[in-house]
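Here's the structure, in C-alpha cells; my notes come after.
The sequence lines fix the lettering, A, B, ..., with proteins before strands; numbering per chain opens at 1. FYI, side chains are in, hydrogens and waters are out, and symmetry mates aren't considered; it's all heavy atoms of this structure.
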2 protein chains.
Amino acid sequence: MKSKATSFDIAYRAGVSQSTVSRALRNSPLVNEETRLKVQAIARELNYKVDKNASNLRTQQSATIALLLFEDPTSDDSMINPFFLSMLGSITRACSDKGYDLLVSFQQMNNDWHADFEDTNKADGIILLGYGDFVDYEQKLQQLIEQNTRFVRWGAEAKGLPIVSVGCDNFHGGYQLTEHVLKNGRKQFAFLGGASSHSPEFLDRYLGHCKALTDNNLKVDQAYQFDAISTEESGYDAARKLLDSDLPFDAIFGASDLIAIGAMRALQEQKVNIPDDVAVVGFDDIPIASFTFPPLTTARQNTKLAGELLVEKLLKLINEEAVDTTLMPTSLIVRKSCGS
Amino acid sequence: MKSKATSFDIAYRAGVSQSTVSRALRNSPLVNEETRLKVQAIARELNYKVDKNASNLRTQQSATIALLLFEDPTSDDSMINPFFLSMLGSITRACSDKGYDLLVSFQQMNNDWHADFEDTNKADGIILLGYGDFVDYEQKLQQLIEQNTRFVRWGAEAKGLPIVSVGCDNFHGGYQLTEHVLKNGRKQFAFLGGASSHSPEFLDRYLGHCKALTDNNLKVDQAYQFDAISTEESGYDAARKLLDSDLPFDAIFGASDLIAIGAMRALQEQKVNIPDDVAVVGFDDIPIASFTFPPLTTARQNTKLAGELLVEKLLKLINEEAVDTTLMPTSLIVRKSCGS
DNA sequence: CTGAAAGCGCTTACAG
DNA sequence: CTGAAAGCGCTTACAG
C-alpha cells in the first residue's frame, strides 16, 4: 500500500524515459517545456518525491549540515546551556535559508565521538559548538583535520591549528565590563570562572578583566579567581566559596550569565544586596539575563550573526572557497545588577 | 587526496570479497572471527566509514528522525519559544539514546511545508512541535495522514483524527492554578491568551480556569478574556488592554509563561505590585520562570518525559507496533508571583 | 564460512 | 530534445 512512487512509475505514465523524468523534475533546460509540465503534473499527482538517499549517493553530496553540540561533562540533562540553544536557533534558520538540512547531535565528551556525519556522507560539513575540556577537545580537532573533514567551530581562535572559527572578542568584553563597573567606584572584584587553557574563552575574559584592573591601578590577586564551569549550580558553589573565604569584595564578574545568576542566588541567600553591596556582571546575554532580579549587566554575544557566519563559512569550505576566522565584538549591556 | 575508502578498498587489502567486508563490518555471525578482525582492523586503519546514503538506499531506512518545529507566524526570529527549546533538548537526547539521528527544521507556517523528510527517505518518521494556527495546521495533518506518513505530535489530542499525540492535561492544569489562587482570596481573574479552536491548548487551559471559577461560585465573564499568542510581547499587549479597560482585577492567568512575563512587565510599568495588588500565574515552567521578579507560579509541563515519549512512540510507529496517545499531568509550581 | 551478482533509485555523460 | 546505459556504495538472497 505504502510503496512509494519512483521515477520509473512516472516515466511509464508519462510515456517518456526515466532519464527524461529525472531531467524534468530538476528543471533541466534540456527538456521540452511541454514534457516537463506533463512529468511534473504526474509527479505531483502521485505525490512523488525524489529519494534523497539515491540522489545523494549519486551526486555525492547531501545538502545537509551536522551540528555537534558538546556539553560540559558535568551538566545534568535537565537544561542545555541557553546560550547554545539560541545559537542553535540561528543556525537552524541560516541553514534553511541556504536550502540545507540540519542534523543535530548532542555529544557527551566522555563517550566516543560519533562525529561520523561527514565521513558517513550524511552531511557535507560540520559545525562544532561547545566542548567539555578544551585540552581533550583539541585532540579531536586534530583528528578532524587529519581526516580532512570540513568543519567550522564556535569559540576562541585555536592558535596554531588551521581551523575556521567564529568567536567573540572575549578579552575586550571582559575588559569593557570590568572597566564599566570600576568607573562606578567598585574597588574589589572577584572573578568566578575557570581561567586556564582548559577553557580559553573564560581565560580571555579573565585576562581582559585583569588588564582593566591594572589599567585602573588595581592589583590582580589570584585569590579572587574562583573556578566555575558554565552552570548556575557551579556559579552558586563558586560564590559560596568566595563568601566563605571572608575576602572582602564589592563586585563579581561571572564568566558567564549562568555563573553570575548562580552567584546572585548565593549572595541573596546571605542577604547581600545587589547591586548596593555587591555589583554583579555576567557574560553572554542569554534570554534569562534580562529577567533576573536585578536584571543582569552583561556582554552580549550576537548569536544571530554568529549562526549565520558559521553556516556561511562552512558552505564556503564545502565549495572549496577561501575562508577565514571571524572575531566578533561583544556589546556591553548595562542593566541594574552592576549598580548603574 | 580526500577520496574516501570504500568497502572494495578494504576487500582488496584484506584479500576477501566485498560481501565479506560488508558482513564483517556489520558483525554478521556468518563471518569467521579471524576474517572479521582483520577486516575491521583494516577498516579502522583506512578510517573507513559506511556510506549512509548507500546503506540507507539499500535497506530503505535511515535511522533518522525529523523534528519539525512550527513557529507562530508573528514571532520574530530573535527568540524561539523556550518551551520548545527545552523540548528539543530532550528529544535530541532521546534520539541519540535510541541510536537515531535527528534532523531539525523550523517551519514558517506561511511558506510551504517542506515537510518532505519522510517522503524523501531522509527520515523514517517525523515529530511535530507547535503550529501557527491550529485550523491551518489540521489540514496539514490531514495531508500527512493521507500520505501515510509516520509521525507523532506534541499537543492537545486531535479529536477525530487518528493521530498519536503526547500532550499535557491543560484543562486540569488550568483548573489547578486557578483554584490555588482563588484559595488565597483573589476574587477577580483575567485570562490572557487566545481561547478558541485556533489554539486548543490555550482553550483547554481557559476551560479549566472557568470551571474552577464556577466551582468557587464566581461568574465567568467573557470580558476578562484577552487574546494573546505565546510571546512576551503579546502578553504585554494583552495586559495593556486589560489595564486600559478599567475592569477591576486582582489576578492574571497567563496562558503561557511568556504571556505572564509580558503581563508582569506591563503591570510593573504601572507600579502595580505583584503579588500584593495582582497575583500572576503562567503555564509551562520555562527556565526563565524561576528567575522573574517575583518568581512565577506556573504549571509545569514535563518536557523531558514528553520528549522521550514522543521518540518512543514514533519508533513504535516505525516498527509498526500499536501506539496510543498520552496525556501527561502537569504539576503546580508555587512561587512568589501568586502571593502564597 | 565465502563469493558473485542483483538491485536500492537516482544523475549524467554519451550518443543520437 | 530524448533514451539507453553506467555507476554511486552498499546489503543480502542465492549458490556453493
Side-chain angles (χ1 to χ4, degrees), chain A residues 2-40 42-43 46-64 101 116-124, chain B residues 2-40 42-43 46-64 101 116-124:
Chain A
K2 175 170 174 150
S3 72
K4 283 170 183 158
T6 72
S7 51
F8 283 94
D9 299 323
I10 298 177
Y12 177 77
R13 300 217 188 188
V16 298
S17 74
Q18 182 268 339
S19 340
T20 300
V21 171
S22 179
R23 288 196 194 90
L25 259 20
R26 326 189 78 238
N27 288 314
S28 160
L30 285 174
V31 69
N32 180 0
E33 168 90 7
E34 199 185 334
T35 326
R36 184 168 61 75
L37 292 177
K38 180 163 60 167
V39 167
Q40 291 180 343
I42 294 175
L46 295 187
N47 212 315
Y48 169 81
K49 299 281 156 45
V50 171
D51 183 307
K52 283 294 176 189
N53 289 133
S55 66
N56 291 347
L57 174 60
R58 184 53 234 250
T59 59
Q60 296 293 69
Q61 48 163 271
S62 58
T64 300
D101 291 325
D116 305 342
F117 291 119
E118 204 228 0
D119 296 334
T120 239
N121 277 0
K122 277 197 90 158
D124 297 335
Chain B
K2 172 166 177 154
S3 73
K4 281 169 183 157
T6 72
S7 51
F8 282 94
D9 299 324
I10 299 178
Y12 177 77
R13 299 218 190 189
V16 296
S17 73
Q18 182 267 338
S19 339
T20 300
V21 170
S22 179
R23 288 196 194 93
L25 259 20
R26 325 188 81 237
N27 287 314
S28 159
L30 285 175
V31 69
N32 180 358
E33 168 89 8
E34 200 185 336
T35 325
R36 182 169 60 74
L37 291 177
K38 180 162 62 170
V39 168
Q40 292 180 342
I42 295 175
L46 295 186
N47 213 315
Y48 169 81
K49 299 281 158 42
V50 171
D51 183 306
K52 284 293 176 190
N53 289 133
S55 65
N56 291 347
L57 175 58
R58 185 53 234 248
T59 60
Q60 296 293 71
Q61 48 165 267
S62 58
T64 300
D101 290 326
D116 304 342
F117 291 118
E118 204 228 1
D119 296 333
T120 239
N121 277 0
K122 275 197 91 158
D124 297 333

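Not a single donor-acceptor pair under 3.5 Å links the side chain of A/T64 to the backbone N or O of A/D101.
Taking atom P on both nucleotides, D/dA13 is separated from D/dG9 by 23 Å, rounded to a whole Å. Taking atom P on both C/dT2 and C/dA6, the two are 22 Å apart, rounded to the nearest angstrom.
With hydrogens and angles left out, the side-chain atoms of A/S17 and A/T20 include a donor and acceptor closer than 3.5 Å.
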Report task. Go through A/S62 and A/D124 one step at a time and tell me if the side-chain hydrogen bond (donor to acceptor under 3.5 Å, both in side chains) criterion holds. Result -> CA-CA 6 Å; A/S62 58; A/D124 297 335; 2.9 Å; yes
Query - Derivation of the side chain to side chain contact (heavy atoms under 4.5 Å, CB included) call for A/K122 and A/N56 - result: CA-CA 9 Å; A/K122 277 197 90 158; A/N56 291 347; over 6 Å; no
Requested in this report: Decide yes or no on side-chain hydrogen bond (donor to acceptor under 3.5 Å, both in side chains) for A/N121 and A/Q61, but give the supporting numbers first.
Outcome: CA-CA 7 Å; A/N121 277 0; A/Q61 48 163 271; over 6 Å; no
Report task. Both distances under 3.5 Å, Watson-Crick or G-U wobble: on that basis, could you give the dot-bracket string for DNA chain D, with [ ] for crossing pairs and | for other-strand partners? Result -> |||.||||||||.|||
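The residue A/S19 sits close to a base: some heavy atom pair falls under 4.0 Å. Residue-level contact check: A/T59 touches the backbone only, with heavy atoms under 4.0 Å from sugar-phosphate atoms and none from bases. Note on A/S22: a base of the nucleic acid sits closer than 4.0 angstrom, heavy atoms only.
One distance of note links CG of A/L57 with CG of B/N53; it measures 6.0 Å at 0.5 Å rounding. Distance check: A/Q60 CD to A/R58 CZ gives 9.0 Å after rounding to the nearest 0.5 Å.
Residues A/T6 and B/Q18 both approach DNA chain C. Their nearest nucleotides, taken by heavy-atom distance, put B/Q18 toward the 5′ side.
First and last contacts of DNA chain D with chain A, using any nucleotide atom under 4.0 Å from a protein heavy atom and ordered 5' to 3', fall at D/dC1 to D/dG9.
Within residues 23-32 of chain A, the residues that have a heavy atom under 4.0 Å from DNA chain D are, in order of number, A/R23, A/P29, A/L30, A/V31, A/N32.
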